[in-house]
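Working notes for the structure below.
All ligand and atom numbering here is 1-based and tracks the order in the structure. Computation of the quantities below employed the complete heavy-atom set of this structure, encompassing side-chain atoms and omitting hydrogens, waters and symmetry-equivalent molecules.
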Amino acid sequence: MMAASTLASINPATGETLGTVPVAGARRVAQAISDVRSVQAHWPQVSLDERVQIARRFARILLARRDDMALTISREAGKPLAEAMLADVLPSLDYARFLATDARALLTPRRRRFRNPLLVGHRSEVQHRPMGVVAAITPWNYPLAIPVAAVLPAIVAGNGVVLKPSEETPLVANQLLSLLHEAGMPEGLVEVVQGAGPAGAAVAGGDVDGILFTGSVPTGQKVAAAASRRLVPCCLELGGKDPAIVLKNANRERVASGILWAAMTNAGQTCASVERAFVPAADHDSLVKAWVEGARQLRLGEGESGAVDMGPVINDAAVKRIIDHVRDAERHGATVVAGGAVRDDLGPRFVEPTVLTNVATDMRCMREETFGPTLPVMAYDAPDDAVAWANDSPFGLTASVWGPGGGRKGIATRDIAARLDAGTVTINDHIYTYGATETPWGGVKASGLGSSHGAAGLLELTRLRHTATAPARGRDAWWYPYDRDVDVVLAKGLPWLYGRRGLRGAALLPALRRRTRPGGPGR
Ligand code: ADP
């Protein structure tokens, strides 16, 4: 028998192999989907409270094991331990708490009255039913937080999940699965299938009832095509080219450290990192100076080694793409004022924090997602130009404005924020709402479809079912025959119900009553 192929997990800082996992071929993926389906069939009958209990217990166990989990994340994805804790463990705990506090209210069926008096005696209830088996295809940059944001709400909503984590971070996904089992999740409700693109394609094209995908635009398009072939919903969290607009009276210190962090955190490998900064011409030089100093002070090194601000980027292809963007910018007239090279002394995947000036809106570093530790800075004369440049992008994930936030002084800041085309706009900060999981997260334009997080993200994992109940006896006013009573309903009723003049109902009600009287002849 041919040995199943395996996938090696590599530490990007050292090149060391951390472990290997078997790759799931198309048959294994199909089997996993069908196995999850048979377990999921019983899951919605388990009470919502019990399902939420899994999220609560998961949080307790993750909290207890956070150091161990952060270490695996740091080794596999290369990030500093502090970032593994802040940007993977913390949002996962936060998501579990959000579900513990809000899922019951959000998933409870909602009754409402029909407003239309023709429907007197009818009842309406909207239920949030599970989709069934959800495919979650996730990337490596937040190898815990992103899968948790898919798997946890999915199972609380009553679904089963087939998780296809990134081929760069298979071990974190396996560790997540064992924490879920420890938290009491039924065996087989979530299965992890490992592998690269072909495994992802098999999951997306398999017999699933919905797809959650986080990754690049080209792959997102393939996933959307697979979803459309089977007519199942898909939620896509794709890339970004996020702008930060600094206004002239912004707090300089906050801008200097906040935008540096938002551009460089996770070595810039964040879909919502700042990838373009627009600053007032008068403040350009002093801000650039602050960012250059800040970039030079960042300590690069192996994530798990303690006093480190930035780890390596994920792989050689990432190094090439980032350096290509920098060289392309230089060729077209940009100036590299900090960084711009690989720190070979540390290893082949350590890219220096890089600040670029004299950039132009048509350069690759200003149009394509760099997904690396670069901060291109452009000066503007009029804030309207900054808004136009910021919106001139195929992406629309997040955007930020930095200036006075509250009261009268904040009017201009809020006005600019309102004009930005993005799924999330932050004032005087960037990225952080991913960790505030009660709020929605999702992009516009090429940045994606649908939402994760918050009420919208949870309900995205359900299908609505409306159950409407009519009285068991009598007949409705609009049923056959279309006689005088129906004429009265239409002639008087429609203007009464929907016209601007309002009530003229008296003439309508006797006819209505006649027609809805139990057992009445209606004519
Ligand atoms: P990244 O550049 O972040 O790796 P990708 O979009 O390539 O972005 O990958 C995101 C996830 O999508 C990963 O889990 C990857 O294995 C998976 N993937 C890659 N190709 C496909 C595909 N054709 N269909 C479904 N999933 C895929």
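Between the side chain of R75 and the main chain of L18, no donor-acceptor pair closer than 3.5 Å is present. With S74 contributing its side chain and E304 its backbone, the two residues share a donor-acceptor pair below 3.5 Å. The backbone N or O of A341 sits less than 3.5 Å from a side-chain atom of E352, completing a donor-acceptor pair. Counting only distance, with no hydrogens or angles, the side chain of N159 and the backbone of A154 share a donor-acceptor pair below 3.5 Å. R276 places a side-chain N or O within donor-acceptor distance of the main-chain N or O of W389, the cut-off being under 3.5 Å. A donor-acceptor contact shorter than 3.5 Å links the side chain of S447 to the backbone of G239.
Remark: minimum distance from atom 25 (C) of ligand 1 to any protein heavy atom is reached at G200 C, 3.1 Å. Counting protein heavy atoms only, atom 12 (O) of ligand 1 is closest to F213 CE1, 3.3 Å. Nearest protein heavy-atom neighbour of atom 6 (O) of ligand 1: S216 OG, 2.7 Å.
Counting the atoms of ligand 1 from 1 in the order shown, those under 4.0 Å from a heavy atom of G215 are 6 (O), 10 (C). Listed by number with element, the atoms of ligand 1 under 4.0 Å from a non-hydrogen atom of T138 are 11 (C), 13 (C), 14 (O). Heavy-atom contacts of T219 reach the following atoms of ligand 1: 5 (P), 6 (O), 7 (O), 12 (O), 18 (N), 19 (C), 20 (N), 21 (C), 22 (C), 26 (N), 27 (C) (cutoff under 4.0 Å). Distances below 4.0 Å separate heavy atoms of P165 from the following atoms of ligand 1: 14 (O). Annotation for ligand 1: atoms under 4.0 Å from non-hydrogen atoms of S166 are 14 (O). Listed by number with element, the atoms of ligand 1 under 4.0 angstrom from any heavy atom of E167 are 13 (C), 15 (C), 16 (O).
Residue-level proximity to ligand 1 for P218 is absent, since no heavy atom of it falls below 4.0 angstrom. Of all the heavy atoms of A196, the ones lying under 4.0 Å from any atom of ligand 1 belong exclusively to the backbone.
The shortest separation from a heavy atom of W140 to ligand 1 is under 4.0 Å, placing the residue in contact. Using a 4.0 Å heavy-atom cutoff, G205 is absent from the residues neighbouring ligand 1.
A distance of 6.0 Å separates SG in C365 from NZ in K241, rounded to the nearest 0.5 Å. Distance OG/S305 to CG/L81: 8.0 Å, rounded to 0.5 Å.
Ligand 1 has a nitrogen or oxygen under 3.5 angstrom from a nitrogen or oxygen of K164.
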**Message:** Before you tell me yes or no, could you show the steps for R28 and Q31 under side chain to side chain donor-acceptor pair (under 3.5 Å), namely the whole-Å CA-CA distance, both residues' side-chain angles and the distance that decides it to 0.1 Å?
**Reply:** CA-CA 5 Å; R28 165 75 195 111; Q31 188 61 51; over 6 Å; no
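Using a 4.0 Å cut-off between charged nitrogen and carboxylate oxygen, D209 and R463 do not count as a salt-bridge pair.
One option in R321, K222, Q194 has a heavy atom closer to atom 23 (N) of ligand 1 than any other, and that option is K222. Among I137, T214, V223, the residue whose heavy atom lies nearest to atom 10 (C) of ligand 1 is T214.
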